[in-house]
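A short worksheet on the structure shown next.
Throughout, protein chains are lettered first and strands after them, A, B, ... in sequence-line order, and every chain is numbered starting at 1. Since the structure is predicted, the reported quantities are computational estimates derived from the model, not experimental observations.
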Amino acid sequence: MTDLQKLTIGKALNLGLRRAMEEDPKVLIMGEDVGKLGGVFRITDGLQKDFGEQRVLDTPLAESGIIGTAVGLAVRGFRPVCEIQFEGFIFPGFDQISSQVAKLHYRTQGKIKMPIVIRVPFGGGIGAVEHHSESPESLFAHIPGLKVVSVSNAVDAYWGIQQAIKSDDPILFFEPKKLYHSGAMKSEVDTEATPDELFKSRVVREGTTATVVAYGPSVKVALDAAAAAEDEGKSLEVIDLRTLSPLDLEPVFESVRKTGRLIALSEAPSESSLTSEIAARVQQECFYSLEAPVLRVTGFDTPYPPAKLEEHYLPDLDRVLHTVDRSLAW
Amino acid sequence: MPSEHWTHPEPGDGPAAVAAQPSPEQVIAGLRATSEGGAELTQLLTPEGERVASPQFDRYVDDIDAEALKGLYRDMVLVRRADREANAMQRQGQLGIWVPLLGQEAAQIGSGRALRKGDMAFPSYREHGVAYTRGVDLKEVLGIFRCTDHSGWDYKAHGFHPYTIVIGNQVLNAAGYAMGQKFEGKVGDDDSEATICYFGDGATSQGDVHEGFVWAAVYDAPLVFFCQNNQWAISEPTERQSRLPLYQRARGYGFPGIRVDGNDVLACLAVSRWALEECRHGNGPVLIEAFTYRMDAHTTTDDPTRYRLSDELEEWKLKDPIERVRAYLARGGGADQAFFDQVQADSDAFAAELRDYCFNMPEPPPDRIFSNVYAESTPLLDAQREEFLSYLDGFVGAGEH
């Protein structure tokens with residue numbers, strides 16, 4: 001029986017976490033304020049009440065502690081889901097993530113598995129103070145042993161979090177905080193459906209003039225830009241990467257072979273980033289199909305600015321359309 | 001503590017009491033003042049090999065008769081002999097690096113022999129003696145230092161986690177593991193489980209160790225923190241890590257801390273058994289500071305003559321962990337010369353076996369680079385592997401002609 005619910009990304013994550021906890025008693029949620037408060041974004045709302053303090057742990061305030069103890073719990077056979085309150089606070093845990101979470105499986109030739117999910121609300125546009133609006137996902141995609149995904153809609157949020165928890169590999173799960181409770185991004189979630197594979201990107205809008213590839217919060221920007229472009233008689237194909245490591249670029253290659261143009265879109269700074277990697281791989285695979293160089297629309301190579309300036313910093317649909325025009329003018 | 005060096009400044013002592021950097025003379029003076037371990041040092045066997053009564057801890061070693069003590073002696077001699085052999089093999093270029101345990105045999109054998117099968121030990125990278133007590137073949141440890149592998153043993157079968165090179169990381173990992181034991185209800189009676197975590201005096205400056213103390217305390221984790229204070233973190237003395245004796249830090253976290261003579265295998269065994277028992281019964285965590293001395297370099301890349309005086313080493317040689325047991329056994333008639341000769345012969349054979357294995361250790365095949373990066377591999381990594389192996393195949397063909 002199909003059970004369709006219209007959900008926000010935030011609610012979809014909450015229901016996905018709940019279902020994962022119901023299905024496997026080894027799943028733990030741990031982090032700062034995830035229990036009674038339900039997390040600063042309320043993503044874990046109500047879970048401690050129903051699953052108890054031993055499965056939803058309000059931890060002491062230290063990110064290395066959260067990740068480092070999750071490692072030990074995973075060695076013991078648990079499946080910890082760590083919540084980092086904001087992406088800018090993940091760095092005290094970076095050592096444990098890069099030194100232990102990413103490497104224990106390799107170091108032990110597979111004897112130790114690290115089925116850890118680290119949930120990271122990320123991205124700007126919420127008018128927050130420093131350290132609350134960053135996009136550090138490329139740093140994690142660069143570390144072998146980790147997998148990195150980012151969701152852009154409620155369907156992927158609901159299924160993706162469950163698939164990430166079931167995976168025996170450690171996964172950084174980047175959630176677009178600006179869209180958590182966005183009514184505009186509500187979508188119908190079929191909780192009985194067979195979900196898409198987690199590590200596959202997807203064409204979310206078909207087009208012929210140029211391709212825009214994006215992930216997380218930028219997918220909405222790309223779709224808005226595509227809708228606006230249509231009024232100008234341009235047909236943009238939009239691809240949601242969904243998986244940042246491993247990168248699934250086959251649909252991007254296929255699209256570029258069709259449109260001949262690619263715009264890679266991300267809120268993160270551009271230098272040495274995922275968009276750099278996409279540009280390099282596309283020129284390698286689609287050199288003879290390209291009608292213009294791969295262009296990028298990104299945040300600037302600066303620290304995240306004071307929020308009064310973020311509307312200039314964050315890629316918006318006008319910057320995307322401007323870049324599409326540059327590509328077409330080549 | 002009798003030493004003025006360790007006196008904590010009281011409020012109102014003024015800025016002079018908060019000296020920013022001790023001079024080298026002060027550092028050395030401080031070490032000498034604490035080289036006996038202080039009045040609160042738990043000791044059951046003196047450096048001269050005299051048994052000291054301990055109303056609190058004697059009962060934890062009631063079962064250690066002459067035969068059992070001979071076993072501990074043998075353990076220490078074997079791991080020291082293996083350690084010296086590995087050190088020599090590094091000097092001959094057979095190992096990339098070696099991390100000596102010389103001088104720390106009692107701390108490792110005493111605490112390691114206190115563990116039971118269901119317990120888990122989280123080592124740093126110097127715990128070859130603990131590995132031995134957990135039944136890990138030291139040949140598998142050698143692979144790490146010959147750089148053929150990162151960790152060869154079955155951690156679950158041996159209850160011995162892989163070595164952790166990043167200072168202090170394993171303390172949080174151990175705290176999480178011990179929390180898991182607690183969550184699974186493995187705590188509460190004599191048959192329960194516990195975890196022990198090894199780290200050095202230098203590690204106590206790391207945030208992860210502090211966080212590990214916090215987590216273990218908050219969750220009442222059955223975790224024994226076993227700090228081997230060997231006085232030096234490469235060239236940095238304990239004075240660079242703490243104003244207080246390290247065991248006293250436990251009080252700030254709300255659990256017991258105890259300083260044991262780390263060169264006294266009997267005391268290390270007794271104190272570890274006590275601490276593990278506390279954990280098994282749900283009264284953990286516990287911090288043990290094993291007051292010992294690294295008699296060799298930090299690693300074979302290190303040159304301790306640059307930062308410490310030979311006097312200090314000579315002083316600690318008088319407290320050698322093996323010699324005191326030998327003196328006790330010899331004097332008490334528990335062992336005759338034939339026993340000591342046999343242990344020596346066994347340790348030589350043990351070392352020869354290690355050497356033979358080391359020299360003939362197979363090199364890992366190139367595709368090992370790519371194996372077990374992920375539980376479920378990725379298309380990109382698979383493609384990279386195939387491309388590299390095919391590239392290598394080209395050389396095979398070229399070489400045949």
Part of B:His210 lying under 4.5 Å from any heavy atom of chain A: neither
Heavy-atom donor-acceptor pair, A:Asp248 side chain to A:Ser201 backbone, under 3.5 Å: yes
Leading residue by heavy atom contact count with chain B [cutoff under 4.5 Å; candidates A:Ala102, A:Pro246, A:Pro60]: A:Pro60
Aromatic centroids of B:His161 and B:Tyr198 separated by under 6.0 Å: no
Top contributor to chain B interface from A:Leu249, A:Leu28, A:Leu57 [non-hydrogen pairs under 4.5 Å]: A:Leu57
Chain A contact via B:Glu193 - which portion, at a heavy-atom distance below 4.5 Å: side chain
Interchain contact, B:Val373 with chain A, by part (heavy-atom threshold 4.5 Å): both
A:Leu247, part contacting chain B, at a heavy-atom distance under 4.5 Å: neither
Intermediate values then yes/no, side chain to side chain donor-acceptor pair (under 3.5 Å), B:Ser205 and B:Gln241: CA-CA 6 Å; B:Ser205 296; B:Gln241 322 297 338; 2.6 Å; yes
B:Ser371 and B:Arg368: CA distance, side-chain angles, deciding distance, side chain to side chain contact (heavy atoms under 4.5 Å, CB included) verdict: CA-CA 5 Å; B:Ser371 66; B:Arg368 164 70 182 80; 3.7 Å; yes
Part of A:Lys113 within contact of chain B (heavy atom distance under 4.5 Å): side chain
Residue of the set B:Tyr155, B:Trp153, B:Phe122, B:Tyr132 for which ring pair (Phe, Tyr, Trp, His ring centres under 6.0 Å) holds with B:Phe160: B:Trp153
Greatest number of heavy atom pairs closer than 4.5 Å to chain B - which of A:Asp168, A:Ile112, A:Val71: A:Ile112
Toward chain A, the part of B:Tyr163 with a non-hydrogen atom under 4.5 Å: backbone
Test item: A:Val81 and A:Met30 side chains (from C-beta on) under 4.5 Å apart, heavy atoms: no
Side-chain heavy-atom pair A:Arg281, A:Cys286 within 4.5 angstrom cut-off: no
Per-residue contact mode, A:Ala70 against chain B (heavy atom under 4.5 angstrom): neither
Side chain / backbone / both / neither for A:Ser167 at chain B, heavy atoms under 4.5 Å: neither
